[in-house]
Structure formats: C-alpha cells, structure tokens
Amino acid sequence: MIREGLRVNKERLWTKDFITVGVINFLFCLIFYLLMVVTAPYAVDKFHASTSIAGLVSSIFIIGILVGRLGTGHVIEDIGRKRVLILGTISLIITSALYFAAVSLPLLIIIRLLHGLTFGIASTATGTIVAHVIPPDRRGEGIGYYSMSTILAAAIGPFAGMLLMQHTDFRMIFIITSLIPVIGLGTSFVVGEPDHPLRRDHGKGVTRFHISTFLEFEALPISIIILVIGAGYSVLLVFLSLYARHIHLEEAASLFFLVYAATVLISRPFSGRLLDTKGANFVVYPCLSLFAIGMLFFSRAGHGLFLLLAAVIIGLGYGNFLSCAQAISIKTVPPHRLGLATSTYFICLDLGFGVGPYLLGALVPFTGYRGLYMLVALMILATMVLYHFLHGKKAVA
C-alpha cells in the first residue's frame with residue numbers, strides 16, 4: 001500500500017512547482033513576444049532602419065538567448081536550478097530597463113543582445129526545472145500543458161504589442177516590459193529546489209573542451225528540425241505588422257495570435273497524449289503538413305477571414321509541433337542530462353528565430369512579403385524529408 005501511494009504521488013502532474021514554473025515561463029515569454037512585434041517597427045519609425053536591419057534588431061535578441069543557453073545548460077546542474085532562475089530573473093530586470101538608454105540604432109542592437117542573454121539564462125532554468133518535475137511517462141502530456149504558458153504568451157504578447165503601438169508610445173511599452181520580470185522574480189521564490197543529480201563528469205577535473213558538455217547529442221536530430229521550422233515561423237512573427245500594413249489587414253492581423261493561441265490551447269492536450277500513445281511520427285507529419293498549408297494560406301491572404309483561417313491552420317501545425325518536438329528532445333535522455341537536452345532544443349529553436357528574420361528578411365526586396373511566405377511554405381515541406389532521415393526512421397524502428 002505504501003509503495004502504491006508513493007507511485008501515485010510520483011505520477012502527479014499538476015504540482016505546485018509545475019504550476020508556478022508555468023506562470024513564470026508565461027511572464028518571461030510575454031516579454032519576448034511583445035517586444036518581437038514592437039522592436040522592428042520601433043527601429044523603422046525611430047531610426048529609419050531598413051527591413052533587413054529591423055529584422056536584425058528584433059532577432060539579435062535570439063542570438064543573445066543562444067549565448068545565454070550555451071553557458072547555462074553546462075552549469076545549471078552544478079549550482080542549482082532555482083539559484084540560476086533567481087539570478088537570471090534579476091539580470092532580466094536590469095536589461096529590461098536599458099531600453100530607455102537606446103539613443104542610437106547600434107546601442108539598441110547591443111541592448112537587445114544583452115536582454116536576450118539574460119532571458120536565455122532565466123528561461124533555460126524554468127525549462128530544466130519543469131523537465132524534472134514532470135513524471136517520465138507523462139512527458140508528452142506534461143510538456144504539452146506546460147507549453148500552453150508559451151502559447152498564451154504568444155497570443156497575448158503580440159496582441160498587446162500591436163494594441164499598445166496603436167494607443168500609446170514606445171516609452172510606455174518599455175515601462176510595462178520592465179515591470180513584468182519583477183513579478184516573475186517574486187514568483188520564483190515560491191519554486192522548490194528539486195533534487196539535482198550531479199553530472200557524471202562532475203568533480204573529475206575535466207579540462208579539455210568537449211562539445212558534449214554544451215549539447216546533448218540525443219536531442220540534436222529533432223533540434224535541427226526545430227531550427228529550420230523556427231526560422232520559418234520567425235518571419236511571420238517579426239514581419240506580421242509590416243505585412244498587414246502592406247495588404248491593408250491591420251485589424252485582422254491584431255487578432256491573428258489570439259486565434260492562433262485559441263486553436264493551440266484546444267488541440268494541444270490531444271497532441272501531447274497522442275505523442276505518448278501513438279508515437280512521434282503519428283503527430284509530427286500531420287503537424288508539418290498543416291504548417292505548410294497554413295503558410296500558403298497566409299501568403300495568399302486578401303481578406304481578414306482568410307488571414308484568420310491561416311492562423312487556425314498554423315496553430316494546429318506549428319503550435320502542436322513545437323511542444324511535441326520539445327517532448328521528443330527529452331524523452332530518451334537520462335535525468336542528469338535533462339538540462340543539456342532542454343538547452344540543446346532551445347539553442348536550435350533560438351538560432352532559427354535569430355537568423356530567420358535577418359536572412360529571410362533580406363529576400364523581401366526581391367520576393368515581396370507574399371513571395372517570402374510562399375518560400376517558407378516550400379521550406380517546411382522540404383523539412384519533412386529532413387525529419388524522415390534524422391528522426392522519422394528511428395521513431396518507426
């Protein structure tokens with residue numbers, strides 16, 4: 001009876017730490033998504049930046065996240081996840097306030113880079129904590145529910161950003177994004193410090209560089225896929241407001257992420273359970289197909305309803321693939337490598353978000369926005385072939 005009681009307790013998903021970390025993740029991602037839609041128009045309006053440079057201003061934040069994750073994934077198991085979370089959040093508060101000092105375009109780029117670095121430290125800590133508190137045999141379901149905090153932020157952040165740009169100035173926006181991490185800091189003290197097993201090389205005095213101390217190779221195949229897919233989605237996120245101006249659908253565009261999020265919130269619990277019961281391929285291939293179809297609809301949108309239909313399809317596709325890929329990345333790694341697996345997944349996702357707006361945004365003068373999004377749809381279809389060779393065949397076996 002005692003063993004059965006312990007086992008039932010071990011299988012609990014909705015624990016205090018699981019809920020609290022989800023709230024903190026929501027607050028962090030709210031800042032991320034709000035500023036992603038704000039900074040490109042801010043760079044264009046205030047500093048007269050080109051489309052490509054505006055994309056760089058927005059996406060350089062992701063490069064900062066990448067740098068932050070590279071270091072955090074390596075040390076987080078040594079110094080404690082809660083301690084990294086608190087220190088990262090304090091740093092996030094400081095860098096959030098630096099936007100008021102951005103008096104030139106180069107300085108804005110530097111501030112975005114530093115802000116991204118602190119975000120990467122804090123968000124890697126939350127991702128690692130939640131990977132430890134989710135029961136191993138419910139990881140697909142648990143990651144699915146946890147990632148709903150990101151989905152809510154992905155809806156409310158861009159919606160709030162576009163609304164604030166219409167009704168207030170950029171100074172007020174930066175005040176709001178400076179206060180949000182203060183709430184996150186207060187909430188972080190509620191999180192319990194999980195037991196943290198030491199890395200296998202801990203205490204052995206490793207002096208030579210090993211890439212395995214920064215990346216988890218088991219998580220790398222699916223992480224490469226998310227890099228490409230993330231690059232495709234990033235150009236939708238960063239250039240949506242500029243695209244909406246071009247096709248005169250600003251009102252519908254302001255609702256895009258709300259519709260996207262509602263779709264994901266409804267479908268996400270089902271996709272997580274299907275991943276656990278039916279396997280990765282059963283979920284991934286339909287998700288990527290729907291994402292490609294949604295981007296095709298998005299590129300052809302000439303009416304507000306058509307644009308919002310694209311939001312539904314992209315939510316079913318990209319929105320569900322995102323959490324499924326994260327669950328796949330940690331599904332087979334040992335507990336002491338969960339921090340590195342989480343870091344590896346987000347490093348690749350961040351890299352895709354970082355290079356996408358700059359490299360793909362440079363194509364806009366030649367393809368236009370519609371042509372760019374058509375190319376992204378084709379890129380997603382090609383990624384399905386890449387997935388087959390990197391993970392799909394292994395998943396079948």
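In this chain, residues are counted from 1 in sequence order. In what follows, every heavy atom counts, from backbone to side chain, and hydrogens, waters and symmetry copies are set aside.
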Side chains of T150 and N25: is there a donor and an acceptor less than 3.5 Å apart?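 Yes - a donor-acceptor pair under 3.5 Å links their side chains.
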Under 3.5 Å side-chain donor-acceptor pair for T177 and S96: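 No, because no side-chain N or O of T177 sits under 3.5 Å from a partner of the opposite role on S96.
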Got a second to check how far [X]'s [atom1] is from [Y]'s [atom2], nearest 0.5 Å?
{"X": "I63", "Y": "I109", "atom1": "CD1", "atom2": "CD1", "result": "12.0 Å"}
{"X": "I134", "Y": "I129", "atom1": "CD1", "atom2": "CD1", "result": "12.0 Å"}
{"X": "L351", "Y": "S223", "atom1": "CG", "atom2": "OG", "result": "11.0 Å"}
{"X": "L163", "Y": "H167", "atom1": "CG", "atom2": "NE2", "result": "4.5 Å"}
{"X": "I347", "Y": "I226", "atom1": "CD1", "atom2": "CD1", "result": "14.0 Å"}
{"X": "I94", "Y": "L114", "atom1": "CD1", "atom2": "CG", "result": "11.0 Å"}

Would you check if [X] and [Y] make a side-chain contact, meaning some heavy-atom pair closer than 4.5 Å?
{"X": "I380", "Y": "V376", "result": "yes"}
{"X": "I31", "Y": "L27", "result": "no"}
{"X": "L87", "Y": "I121", "result": "no"}
{"X": "S241", "Y": "E250", "result": "no"}
{"X": "L236", "Y": "F257", "result": "yes"}
{"X": "V38", "Y": "L34", "result": "yes"}
{"X": "M379", "Y": "M295", "result": "no"}
{"X": "L275", "Y": "S271", "result": "no"}

Write down the atom of [X], the atom of [Y], and the distance for their closest heavy-atom approach.
{"X": "P357", "Y": "F239", "answer": "O-CZ, 3.6 Å"}
{"X": "A244", "Y": "A253", "answer": "CB-CB, 3.4 Å"}
{"X": "G184", "Y": "T89", "answer": "C-CG2, 4.0 Å"}
{"X": "A280", "Y": "I328", "answer": "CB-CD1, 3.6 Å"}
{"X": "G304", "Y": "L249", "answer": "N-CD2, 3.7 Å"}
{"X": "A102", "Y": "L107", "answer": "CA-CD2, 4.1 Å"}

I would like to know whether V57 and L108 meet side chain to side chain contact (heavy atoms under 4.5 Å, CB included); could you show each step before the answer? CA-CA 7 Å; V57 170; L108 177 61; 3.7 Å; yes
Any sub-3.5 Å donor-acceptor pair from [X]'s side-chain atoms to [Y]'s backbone N or O?
{"X": "T367", "Y": "L363", "answer": "yes"}
{"X": "R370", "Y": "A301", "answer": "yes"}
{"X": "K16", "Y": "V191", "answer": "no"}
{"X": "T383", "Y": "L386", "answer": "no"}
{"X": "K46", "Y": "V103", "answer": "no"}
{"X": "T126", "Y": "V21", "answer": "no"}
{"X": "T20", "Y": "D17", "answer": "no"}

Examine [X] and [Y] and state if one hydrophobic cluster contains both, with Ile, Leu, Val, Met, Phe, Trp and Tyr joined whenever side-chain heavy atoms are less than 4.5 Å apart.
{"X": "I314", "Y": "L375", "answer": "yes"}
{"X": "F170", "Y": "I60", "answer": "yes"}
{"X": "L372", "Y": "L296", "answer": "no"}
{"X": "F189", "Y": "I90", "answer": "yes"}
{"X": "L322", "Y": "L220", "answer": "yes"}

Answer with yes or no after comparing the ring centroid distance for [X] and [Y] against a 6.0 Å cut-off, counting only values under it.
{"X": "F298", "Y": "Y243", "answer": "yes"}
{"X": "Y99", "Y": "H115", "answer": "yes"}
{"X": "F61", "Y": "F32", "answer": "yes"}

Taking the inter-plane angle between the rings of [X] and [Y] on a 0 to 90° scale, is it parallel (under 30°), tilted (30 to 60°) or perpendicular (over 60°)?
{"X": "F256", "Y": "Y260", "answer": "parallel"}
{"X": "Y233", "Y": "F353", "answer": "tilted"}
{"X": "F47", "Y": "Y42", "answer": "perpendicular"}
{"X": "F291", "Y": "Y318", "answer": "tilted"}
{"X": "Y373", "Y": "Y369", "answer": "parallel"}

Let's go through T95 and I111 carefully: what are the C-alpha distance in whole Å and the side-chain angles of both, what is the deciding distance for side chain to side chain contact (heavy atoms under 4.5 Å, CB included) to 0.1 Å, and is it a yes or a no? CA-CA 7 Å; T95 52; I111 291 169; over 6 Å; no
Looking at L242, V238, L237, which hits side-chain contact (heavy atoms from CB on, under 4.5 Å) with V37?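 Exactly one pass, corresponding to L237.
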Per the ring pair (Phe, Tyr, Trp, His ring centres under 6.0 Å) rule, what does the pair list look like for residues 263-284, sequence neighbours excluded? none
